[in-house]
Every structure is written in structure tokens, then in C-alpha cells.
Amino acid sequence: LLVYLRFILQQTIKKTVRLFGTGVHLGKPVRLYIKPAPVDHGIVFKRLDVDDDKSLIKANFKNILFGELCTTLTNDKGVSVKTVEHLLAAFSGLGISNALVEIDNEEIPILDGSAIKFVKPLVKAGICKQNSPLDLCYVKKTIEVKNKNGWVKFEPASDLKLTVEIDYPNTCIGKQKFSLKVTKDTFQRELCDNRTFCLKKDIEDMRERGYALGGSLDNAIVVDGFTIKNPKGLRRKDEFVRHKMLDALGDLSLSGLPLLGHYISFCGGHRLNNQLLIKLFSDKSNYENVMAGNDNSHKFVNKNLTSSDQNYSAAI
């Protein structure tokens, strides 16, 4: 049996998840509380350390505060939350569309530098379907943005697929390329545990600019030429490109709706990802919002889906 969009429902978690850690860039301790939320709530951050009327920040590309080393969201009161991409990737990969994220500081904790320490407690808390359909966004045209170092683009597709390529010459990273059709299973098996990384030669400059103040070998892979400085080495030989894909999944979730399309990146990053979303939604001919349950909604569904795939996940 094919699964049609009318069977794809919004999801939240069953109970609150509590996490404690340190921000990788600001180096400050932080407490995080991820709470269930009602239908059509979306992913919303709430700063507990500011006045209530300034505290809410919607996870949406329109609220991006441009930066290079992480994704930062801000509201119209100037209150921000930094380094959201790994947590957003966890929500997206698990198919969680509604949650309230309370945080008592400015930056999401880095934990081990991947998304797995968000994923495991979220799964343990339980993910539950809600009595409301999940609408989708179908990419209709090929669109691209680029800078002097790389490019990112969308192509039409009937599901969410990511293809990412990176190139770090004169290092053990080198050229790496990875493609993945994103589902709840592939996300957990192939993507969520890949850690962030940096080049040792860049660390001093980052810290002088106020970044990486909480970074360590416990939460990042450090590359020194052709040497990995972490005593336990890599989790996968292509962990670097897989982490870039994890970042991209988190960034694309800021579309506000699950995307059906093929995202392709060559040496991309947070800024290009956001510029791609801006370009996508700047012209209504680039996309189509598909309401789950409409009579023609089945034409957008991957025909390989079966009844076991009802935990559909995409870039929420």
C-alpha cells in the first residue's frame, strides 16, 4: 500500500527533555528544556534569562542573524539564540514538527559536537503523532546560489535527498562526497552521530574573534594537516562530509515546512544555505505548498514508500 500525505501527521514529544552542557562558541554553561507543543506551533525557542515579552524566537529562515561558523536566530526585540543547527537537525531527522525549547543562556549546548545526544533523549521521551496533517513544500524549479568558494542548489524531487561535497586540500579530509535520502531510519543510522570539526591552524583566529571558547577534543574533531588530534580518532572515515550534511539538514529545517527536493552542495555553509531558502521563497513559482490530504497530494509522494514508512521525516 502507498502512503499518501493524508496519513502524515504533525508530531511532538510525549514529555520534557532536560539537557545540560556548554556552548561551543561562548563557552558558557547552559540548561535546555525541550517541551511538548500543540499542533501548528512549530519549533520555538524561549530564552528564560530575558523578560517574557522578549523571550520567544521562531525557528524560521526569516529570523536568521547572518554568521559563518554557526546558525543564529534572532527576534524583533534583538534577542537571539546561537548554534541551533544540530538540535534543529535532530527535530527534522526524527520528524518532530512541534516543540518549545527553553534555554537559560544564549547558546545551545554543543554536547559531543553531533546531534546524537539530542536524538537519544528525544527518542526516549517518546515521539507522538498529533491529530493534524503535516503540510509539505515541494520544490518545483532548480535554483542555485553561490559565492567565491562554493555553491548550493535545489532540484525538484519527490522526497528529501541531500548530496554534499567538500574539499579541504592539504589535509587528511581532502575531497569527500555523500548522498542520502533522509528518513527517520537513515538519519539515525547514517547522520546524527557525526561531529563538528575544525582545522587546528584556525583555532587561535576563531578565539580572537570570540568563537570556539568552549571547544575541546570532547566536542569537536581537530585536524592538524594530515593528523587527527582526537585520541579516539574518527567515527567514520567520511565523518567530515556527513557532519556538513547534518548542518545542512538543520539549516534547511528553517524553511518552516518539510521540503520535498534534492539539495546539492559544493563547499557550502550556513550562509549559503540561508540564502538558498531566501531565494526559494522569493518567487512563488519556485515551490508549491501541498496540503496533506488534498485529492492530488499523492502525486508528490515517493512511490517507493510503504505502510511501514508512516514516520516520514524531512526538513521540518
Side-chain angles (χ1 to χ4, degrees), residues 10-67 69-128 130 192 196 210-216 218-220 247 250-251 253-254 256 270 274 316:
Q10 297 181 38
Q11 297 189 120
T12 190
I13 54 174
K14 293 181 179 179
K15 58 183 180 181
T16 298
V17 169
R18 296 170 176 82
L19 294 167
F20 311 97
T22 301
V24 67
H25 290 304
L26 302 180
K28 297 177 181 178
V30 58
R31 295 173 182 265
L32 192 72
Y33 308 93
I34 306 171
K35 296 184 174 183
V39 297
D40 299 326
H41 179 276
I43 306 300
V44 177
F45 295 89
K46 181 177 183 179
R47 287 277 300 274
L48 299 176
D49 57 328
V50 302
D51 293 340
D52 237 22
D53 61 341
K54 301 177 181 178
S55 64
L56 297 180
I57 309 165
K58 182 82 171 179
N60 188 280
F61 73 95
K62 296 177 182 178
N63 293 332
I64 284 280
L65 185 65
F66 273 116
L69 297 178
C70 65
T71 297
T72 300
L73 298 169
T74 187
N75 62 21
D76 58 4
K77 306 294 195 303
V79 176
S80 63
V81 59
K82 185 184 298 289
T83 319
V84 297
E85 57 269 24
H86 302 165
L87 177 56
L88 291 178
F91 289 142
S92 176
L94 295 175
I96 298 170
S97 43
N98 299 304
L100 177 65
V101 182
E102 296 183 345
I103 181 172
D104 69 353
N105 212 313
E106 188 180 347
E107 187 174 21
I108 301 296
I110 190 63
L111 304 178
D112 76 336
S114 75
I116 195 167
K117 291 195 174 182
F118 297 117
V119 168
K120 286 185 174 181
L122 288 169
V123 171
K124 185 177 180 180
I127 300 169
C128 59
Q130 298 173 286
C192 74
T196 193
Y211 292 102
L213 302 180
S216 73
D218 293 327
N219 55 42
D247 279 349
D251 289 345
S253 75
L254 294 170
H270 298 300
N274 188 236
I316 293 171

Which pairs of donor and acceptor atoms, one on a side chain in residues 18-37, lie under 3.5 Å apart (sequence neighbours left out)?
unit_1 : atom_1 : unit_2 : atom_2 : d
His25  : ND1    : Ala212 : N      : 3.0
Lys35  : NZ     : Glu102 : OE1    : 3.1
Lys35  : NZ     : Glu102 : OE2    : 3.4

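- In this structure, the side chains of Thr196 and Asn219 stay at 4.5 Å or more apart for every pair of heavy atoms.
- The ring-ring contact (aromatic ring centres under 6.0 Å, His included) contacts involving residues 99-127 comprise nothing, where partners must be two or more places apart or lie in separate chains.
- If you check the side chains of Thr83 and Glu107, you find a donor sitting under 3.5 Å from an acceptor.
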(request) Start with the C-alpha distance between Val81 and Glu106, add both sets of side-chain angles, then the distance that settles side chain to side chain contact (heavy atoms under 4.5 Å, CB included), and finish with yes or no. (result) CA-CA 5 Å; Val81 59; Glu106 188 180 347; 6.0 Å; no

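- Considering every non-hydrogen atom in both Pro121 and Val17, the closest pair reads O-CG2, 3.6 Å.
- A donor-acceptor contact shorter than 3.5 Å links the side chain of Thr74 to the backbone of Val79.
- Residues Ile110 and His86 are in side-chain contact: their nearest non-hydrogen atoms beyond the backbone lie under 4.5 Å apart.
- In this structure, Lys120 places its NZ atom where only 12 or fewer heavy-atom neighbours from other residues, nucleotides or ligands lie under 6.0 Å away.
- Applying the salt bridge (Lys or Arg N to Asp or Glu O under 4.0 Å) test to Asp112 and every residue at least two apart in sequence or in another chain returns Arg235.
- In this structure, NZ in Lys82 is found 11.5 Å from CD1 in Ile108, a value given to the nearest 0.5 Å.
- Closest non-hydrogen pair, Leu100 versus Lys46, comes out as CD1-CB, 4.1 Å.
- Under the 3.5 Å distance criterion, the side-chain polar atoms of Ser92 are left unmatched by any main-chain donor or acceptor of Ala89.
- Taking the side-chain contact (heavy atoms from CB on, under 4.5 Å) definition, one finds that Ala59 meets it with Ile43, Phe45, Leu73, Leu88, Leu254, sequence neighbours left out.
- Distance check: Asp251 CG to Cys70 SG gives 10.0 Å after rounding to the nearest 0.5 Å.
- Applying the side-chain contact (heavy atoms from CB on, under 4.5 Å) test to Asn274 and every residue at least two apart in sequence or in another chain returns Phe61, Ile64, Phe66, Ile278.
- Applying the side-chain contact (heavy atoms from CB on, under 4.5 Å) rule to Asp76 yields no partners; only residues at least two apart in sequence or on another chain are considered.
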(request) For the pair Thr12 and Cys128, evaluate side chain to side chain contact (heavy atoms under 4.5 Å, CB included) and give the outcome as yes or no after the intermediate values. (result) CA-CA 6 Å; Thr12 190; Cys128 59; 3.7 Å; yes

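- Considering OG of Ser97 and CD of Gln11, their distance stands at 6.5 Å, rounded to 0.5 Å.
- Side-chain N or O atoms of Gln10 include none that pairs as donor or acceptor with a backbone N or O of Gln130 at under 3.5 Å.
- Across all their heavy atoms, Leu69 and Glu85 have their closest contact at O-OE2, 4.3 Å.
- The distance from the CD1 atom of Ile13 to the CD1 atom of Ile96 is 6.0 Å, given to the nearest 0.5 Å.
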